[in-house]
*Asks:* 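This is the structure I have questions about; it appears just below.
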Amino acid sequence: MKGGGGVGGEVTAGPPPPLEWKFSQVFGERTTGEEVQEVDIISAIEFDRTGDHLATGDRGGRVVLFERTDTKEHGGSRRELERVDYPVGRHPEFRYKTEFQSHEPEFDYLKSLEIEEKINKIRWCQTANGALFLLSTNDKTIKYWKVQEKKVKKISEMNIDPSKAAGNGSVASSSLCSSPKQCLANGGYGDKAYSLSNDLSFPPEGIPSLRLPVVTSNETSLLARCRRMYAHAHDYHINSISNNSDGETFISADDLRINLWNLEISNQSFNIVNVKPTNMEDLTEVITSAEFHPTHCNTLAYSSSKGSVRLIDLRQSALCDSHSKLFEEQEAPGSRSFFTEIIASISDIKFAKDGRYILSRDYMTLKLWDINMDSGPVSTFQVHEYLRPKLCDLYENDSIFDKFECCLSGDGVRVATGSYSNLFRVFGCAAGSTEATTLEASKNPMRRQVQTPSRPSRSLSSSITRVVRRGADSASVDANGYSFDFTTKLLHLVWHPTENSIACAAANSLYMYYA
């Protein structure tokens, strides 16, 4: 993080100015007083590699796809528009594309266990022949989906519009026989032998030609088809899936194991990480999240409930029980409490686009790690420091176990994560940046904005700590002086891969913002 650059390593004169976020779109907006159905709550969200498609999964097992429309209207991708010097002033706009039922509720008869249909994770795969491919998983089963446009074949009707009978023989809209009762077995007609229908009759000179039925396929419809199912490989709930950069394999992780799959083979997987002790009473930590390196197909990282991130190299051994690097922060002496291990548990990790940095989210903070420096995080962003006096209450209502996701911008100079009261926070991670923006998932995202200090501070982490701790002494207000609501939590959000655009899920609503 030295040299004035961001995570991507770009050298700049100074930290970029804070972004001004604006509301873009909302899908599934609730009306005042509307009760949210449990099955409609969004549980997963993911952009594809290009940022032109967005997928969401919900607790009802459905996957909904959205596609970008603003680039299509201008006739090309952003890169093509830049090449022809086209002014790109519009923000990303998406529209509903299609939806399909990915998972159904199941029952494991051997364990007498109900398996929820809730979608835990969605990951996009490489596109081919104009079709979209994605992986979706619930607690036990991963599915590989192909979404493709299919032409709808229709049989055009065979009689001719009399007004155009002498013309090019265009297809008429009325049927040859208005009622099956009028048609005789030999092809003749009953009472009205001269009539095709009540409002259509033979011209006196007859019809010059008769067109036979032809199959037309002018309309298209989107068809989602499950290509493969990867099942019966996890004893515990799947918390992560991640595609490999080789385009052929992916991993799935549960509490104790990480399995490696080939996309083409659904009945076999390789166990590459197993933290299960011989005696389960000796279990001290579990796997909470796992992700492949974005460019190195042999490298992956996984996080644990003890607050550590391990980097493993698949070339070292078939079973990667030993890590190549361990990233963890030593706790301050005398700071240990009953809640220390609970709030240290990492809920999500993400690699930066270039693979140099790893972002991790625990209950209280966001931490940014340099994979070349395992002595400690290069930046720590305080997210929930104001909740520290409320940990007992959070433990009582189980909120302390909420799993918030995190994301990085495509250029690597900003990070974001969710919070309570449908708030999410954006931090600048370039050297010297004091950006710490609090936004609300609503049509007015800047309503709860925290002003960053006007005077420069000596370090990024201390600056953000000071900003977010405002109001921490009051038990009923959040970092911004607003009352917080533990029932409305923003767990899922994702950053557009190439632009400053964020999509986030608040209950059953999908909000999109741009800067």
Side-chain angles (χ1 to χ4, degrees), residues 1-10 15 285 287-291 293-294 299-312 323-333 335-336 339-388 403-409 411-419 424-437 457-469 495:
M1 303 303 292
K2 297 177 182 177
V7 171
E10 299 171 358
E285 62 181 329
I287 298 167
T288 56
S289 182
E291 184 166 89
H293 190 283
T299 304
L300 63 93
Y302 70 91
S303 59
S304 83
S305 56
K306 277 195 167 181
S308 61
V309 178
R310 289 174 172 86
L311 205 64
I312 61 174
H323 52 265
S324 55
K325 283 193 177 179
L326 173 66
F327 306 96
E328 61 182 354
E329 191 172 28
Q330 300 300 322
E331 62 184 65
S335 63
R336 190 167 184 82
F339 305 108
T340 300
E341 281 198 15
I342 300 175
I343 62 176
S345 178
I346 294 175
S347 56
D348 190 30
I349 58 170
K350 291 286 192 313
F351 271 101
K353 197 173 183 179
D354 62 359
R356 171 71 185 273
Y357 294 88
I358 298 173
L359 181 67
S360 68
R361 169 72 152 100
D362 57 45
Y363 189 73
M364 305 297 283
T365 66
L366 270 175
K367 292 187 175 78
L368 193 67
W369 309 82
D370 185 336
I371 64 171
N372 296 332
M373 189 183 87
D374 52 10
S375 58
V378 291
S379 295
T380 298
F381 308 97
Q382 300 293 341
V383 181
H384 280 163
E385 186 61 31
Y386 64 92
L387 292 177
R388 198 172 287 276
K403 299 183 183 305
F404 293 93
E405 293 179 1
C406 59
C407 58
L408 297 98
S409 60
D411 57 11
V413 299
R414 291 177 180 87
V415 296
T417 191
S419 182
F424 64 100
R425 300 201 161 93
V426 179
F427 300 102
C429 55
S433 174
T434 58
E435 182 175 357
T437 309
S457 57
R458 282 175 291 181
S459 72
L460 174 64
S461 58
S462 64
S463 159
I464 292 174
T465 303
R466 185 165 60 254
V467 173
V468 181
R469 276 183 178 169
W495 203 300

*Asks:* Grab the two heavy atoms, one from Cys429 and one from Gly412, that are nearest each other, plus how far apart they are.
*Replies:* SG-O, 3.3 Å

*Asks:* Can you find a pair of side-chain heavy atoms, one from Leu408 and one from Lys353, that are under 4.5 Å apart?
*Replies:* no

*Asks:* Quick one: does Tyr302's side chain get under 4.5 Å of Ile312's, heavy atoms only?
*Replies:* yes

*Asks:* Donor-acceptor pair, distance only, cut-off 3.5 Å: does the side chain of Asp348 make one with the backbone of Cys406?
*Replies:* yes

*Asks:* Considering all heavy atoms of both residues, which atom of Ser433 and which atom of Gly428 are nearest to each other, and what is their separation?
*Replies:* OG-CA, 3.5 Å

*Asks:* Can you confirm whether or not the ring centre of Phe404 sits under 6.0 Å from the ring centre of His384?
*Replies:* yes

*Asks:* Could you tell me whether Glu329 and Lys367 have a side-chain N and a carboxylate O separated by less than 4.0 Å?
*Replies:* yes

*Asks:* side-chain contact (heavy atoms from CB on, under 4.5 Å) for Val415 and Val426? Distances and angles first, verdict last.
*Replies:* CA-CA 6 Å; Val415 296; Val426 179; over 6 Å; no

*Asks:* Check whether any side-chain heavy atom of Phe327 sits under 4.5 Å from a side-chain heavy atom of Leu311, and report yes or no.
*Replies:* yes

*Asks:* To the closest 0.5 Å, what do you measure between OG (Ser345) and CG (Asp362)?
*Replies:* 8.5 Å

*Asks:* When rounded to the nearest 0.5 angstrom, what distance separates OG in Ser289 from NZ in Lys350?
*Replies:* 6.5 Å

*Asks:* Look at the side chain of Ser360 and the backbone N and O of Ile349, then say whether any donor-acceptor pair between them is shorter than 3.5 Å.
*Replies:* no

*Asks:* Roughly how far, to the nearest 0.5 Å, is SG of Cys407 from CZ of Arg414?
*Replies:* 12.5 Å

*Asks:* So, Ser308 versus Lys306: side-chain donor-acceptor pair below 3.5 Å or not?
*Replies:* no

*Asks:* Go through the side-chain N and O atoms of Ser305 and Thr288 and say whether any donor and acceptor fall under 3.5 Å apart.
*Replies:* no

*Asks:* Any non-hydrogen side-chain atom of Thr437 less than 4.5 Å from a side-chain atom of Arg425?
*Replies:* no

*Asks:* Between Arg361 and Thr417, is there a side-chain donor-acceptor contact under 3.5 Å, judged purely by atom types and distance?
*Replies:* yes

*Asks:* Supply the atom-to-atom distance Leu366 CG to Phe381 CZ, rounded to the nearest 0.5 angstrom.
*Replies:* 7.0 Å

*Asks:* As an exercise, state the distance from CD of Glu328 to OG of Ser303, rounded to the nearest 0.5 Å.
*Replies:* 13.0 Å

*Asks:* Taking side chain as C-beta onward, heavy atoms only, is Ile358 less than 4.5 Å from Glu291?
*Replies:* no

*Asks:* Under a 4.5 Å cut-off applied to non-hydrogen side-chain atoms, are Lys325 and Val309 in contact?
*Replies:* no

*Asks:* What's the shortest heavy-atom distance between His293 and Asp354, and which atoms?
*Replies:* CE1-O, 4.2 Å

*Asks:* Over all heavy atoms of both residues, which pair between Ser409 and Trp495 is shortest? Give the atoms and the distance, please.
*Replies:* CB-CE2, 3.3 Å

*Asks:* Evaluate the criterion side-chain contact (heavy atoms from CB on, under 4.5 Å) for residue pair Val378 and Trp369; output intermediate values, then yes/no.
*Replies:* CA-CA 6 Å; Val378 291; Trp369 309 82; over 6 Å; no

*Asks:* Show your working on side-chain contact (heavy atoms from CB on, under 4.5 Å) between Leu359 and Phe351 and close with a plain yes or no.
*Replies:* CA-CA 6 Å; Leu359 181 67; Phe351 271 101; over 6 Å; no

*Asks:* Using a 3.5 Å distance criterion without hydrogens, assess whether the side chain of Ser304 forms a donor-acceptor pair with backbone atoms of Glu285.
*Replies:* no

*Asks:* Assess whether side-chain contact (heavy atoms from CB on, under 4.5 Å) is satisfied between Met364 and Val383, documenting all intermediate values.
*Replies:* CA-CA 6 Å; Met364 305 297 283; Val383 181; over 6 Å; no

